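Below: the structure, in structure tokens.
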Amino acid sequence: MLLTITTTHFPATELGYLLHKHPDRCQSFPLSFGKAHVFYPEASTQQCTAALLLDVDSVKLVRGRSVRLEQYVSDRPYVASSFLSVAIAQVFSTALGGRCKDLPELAKTPIPLVAKLSVLPCRGGEEFLRQLFEPLGYNVSAEGHTLDDQFPDWGQSRYFTVELQQIITLSDLLSHLYVLIPVLDDEKHYWVGDEEIEKLLRHGEGWLTKHPAREQITKRYLKRQQRLTRLALAQLVESDNLDPDSTEENHDQEEAAVEKPISLNQQRLDAVITALKQSNAKRVIDLGCGQGNLLKIILKDSFFTQITGVDVSYRAIEIAQERLDRLHLPRNQWERIQLIQSALTYQDKRFSGYDAATVIEVIEHLDLPRLGAFERVLFEFAQPKTVIVTTPNIEYNIKFENLPAGKLRHQDHRFEWTRAEFQNWANQIAEHFSYTVEFQPIGTQDPAVGSPTQMGIFSRNF
Ligand code: SAH
């Protein structure tokens with residue numbers, strides 16, 4: 001099985017830096033199912049081609065299992081399949097992640113690239129192949145192969161030699177190949193579980209939500225497992241629903257700028273930490289953790305023993321991870337924290353088993369009709385002993401000089417509530433799910449309009 005990637009971006013040999021593989025060398029990498037070899041059939045400043053040759057060991061594939069003779073005879077060693085995706089992820093992991101130590105700018109620059117797959121099995125034929133790659137901007141050429149040259153009557157096989165051409169970043173090209181090759185093949189050589197969703201969302205970041213065939217891609221990628229497909233599509237829809245900038249640093253600054261004169265963010269975090277400690281919550285899950293403002297504080301405080309951050313936005317999780325990395329904590333401290341990408345409006349067993357859940361400035365980002373789903377996920381299924389929810393108090397908005405009248409504090413807010421609205425909502429939840437709720441103002445109190453942030457602290461009655 002052979003994949004080649006060619007560029008004519010001058011000086012083309014820089015492809016070697018992007019792939020972290022020197023054009024003058026032939027390198028081999030052992031994989032659990034065989035070997036991968038990387039070499040450059042051509043390497044000039046005008047044009048450079050890197051080749052990834054996959055040598056799948058068909059005997060290894062069946063070793064240890066009781067097999068029938070025909071299982072030794074398979075197309076797997078000769079075609080592009082999930083084996084190739086695994087090889088791409090292992091051999092070109094830095095390039096796939098869009099990183100390049102020596103030429104960081106080039107890794108982010110779209111350059112002319114041509115990927116050629118010697119044999120790609122396409123269940124759904126050339127039409128489906130085009131449906132997958134053309135919406136992503138590729139110029140696709142495909143040459144179909146007959147089933148057997150000796151017997152033309154047998155017709156066409158599902159194998160194609162495919163060339164994909166586009167001006168694109170190398171990391172995007174590799175991500176597309178990583179996801180779409182097994183989708184076309186409609187098969188995976190390994191067990192597909194929940195972690196496969198995370199891989200799909202990570203490598204599909206930035207293109208999958210908008211892809212017209214996203215449902216079919218998701219279904220096939222997850223080996224047609226209905227539960228996984230449903231979960232993944234739900235997360236795709238939720239992340240598509242987000243304001244694209246809402247998790248970017250500059251956008252949070254927008255809200256911070258409105259609230260800045262009273263440094264509300266700090267007061268909010270202090271109030272949450274105090275409430276957590278008062279309820280003796282040592283294991284905490286932060287739902288909608290964003291870029292990890294609260295996680296950072298909790299992680300530095302040895303009172304807390306287990307900390308999980310959840311967000312639907314992969315980008316937010318990535319930023320949170322980078323910010324936590326910058327704390328340079330000793331290795332054993334890292335065992336206390338994990339970050340997971342998930343939607344709060346779908347049941348997820350990973351949300352269970354915590355003393356407390358914090359939901360800081362998140363509910364107002366959910367569409368009102370989805371709020372009921374979130375309530376059940378948290379109070380009916382996850383059931384932490386303590387739940388802390390904060391949200392803006394809309395009555396206070398008139399006090400923000402730099403916020404135009406009638407405008408919400410952040411452009412992704414779907415609503416902001418008065419104190420009565422929030423307390424009404426919280427009291428109903430408490431009654432319905434058998435919790436008790438207390439309210440606390442956060443920030444400067446105004447006699448007429450109250451405080452800028454409102455907090456509800458729920459305690460489980462059972
Ligand atoms: N709690 C953080 C971030 C608040 S911003 C802080 O106080 O700094 C709101 C966050 O909720 C965003 O990061 C957004 O990605 C996340 N979010 C919005 N809808 C979500 C959903 N349905 N599931 C999970 N997270 C969601």
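Atoms within a ligand are numbered from 1 in the order they appear, just like the ligands themselves. Since we're looking at a predicted model, the values are computed, not measured.
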- prompt: If you count the atoms of ligand 1 from 1 in the order shown, which ones are under 4.0 Å from a heavy atom of A343?
  reply: 23 (N)
query: Under 3.5 Å, N or O to N or O, is G288 touching ligand 1 that way?
result: yes
- line: For E361, the ligand 1 atoms with a heavy-atom partner under 4.0 Å come out as 4 (C), 5 (S), 9 (C)
task: May I ask you to list the atoms of ligand 1 that are less than 4.0 angstrom from any heavy atom of C289?
output: 2 (C)
- request: Only heavy atoms count here, so choose which of L366, T345, L287 is nearest to atom 21 (C) of ligand 1.
  value: L366
- prompt: Is D311 in polar range of ligand 1, meaning some N or O pair under 3.5 Å apart?
  reply: yes
Residue pairs involving residues 427-462 (criterion ring-ring contact (aromatic ring centres under 6.0 Å, His included); sequence neighbours excluded): F379-F433, F379-Y435, F379-F458, F422-F439
Element-labelled atoms of ligand 1 that are located less than 4.0 Å from some non-hydrogen atom of S313: 15 (O)
Basic-acidic side-chain contact under 4.0 Å: R350, D194: no
message: Just to check, does S342 reach to within less than 4.0 Å of ligand 1 when the distance is taken from its heavy atoms?
response: yes
- prompt: Is any NZ, NE, NH1 or NH2 atom of the basic residue among D355 and K282 found under 4.0 Å from an Asp or Glu carboxylate oxygen of the other?
  reply: no
message: Only heavy atoms of G290, strictly under 4.0 Å: list the atoms of ligand 1 that pass.
response: 3 (C), 13 (O)
task: Kindly state whether the ring of F133 and the ring of H176 have centres lying under 6.0 angstrom apart.
output: no
- request: Take the angle between the ring planes of H203 and Y178 and call it parallel below 30°, perpendicular above 60°, tilted in between.
  value: tilted
- line: With heavy atoms and a 4.0 Å threshold, my read on which part of N293 contacts ligand 1 is side chain
query: Looking at D185 and R158, does any basic side-chain N land under 4.0 Å from a carboxylate oxygen?
result: yes
field: Step-by-step salt bridge (charged side-chain N to carboxylate O under 4.0 Å, His left out) determination, E215 to K219
entry: CA-CA 6 Å; E215 291 190 16; K219 189 163 137 192; over 6 Å; no
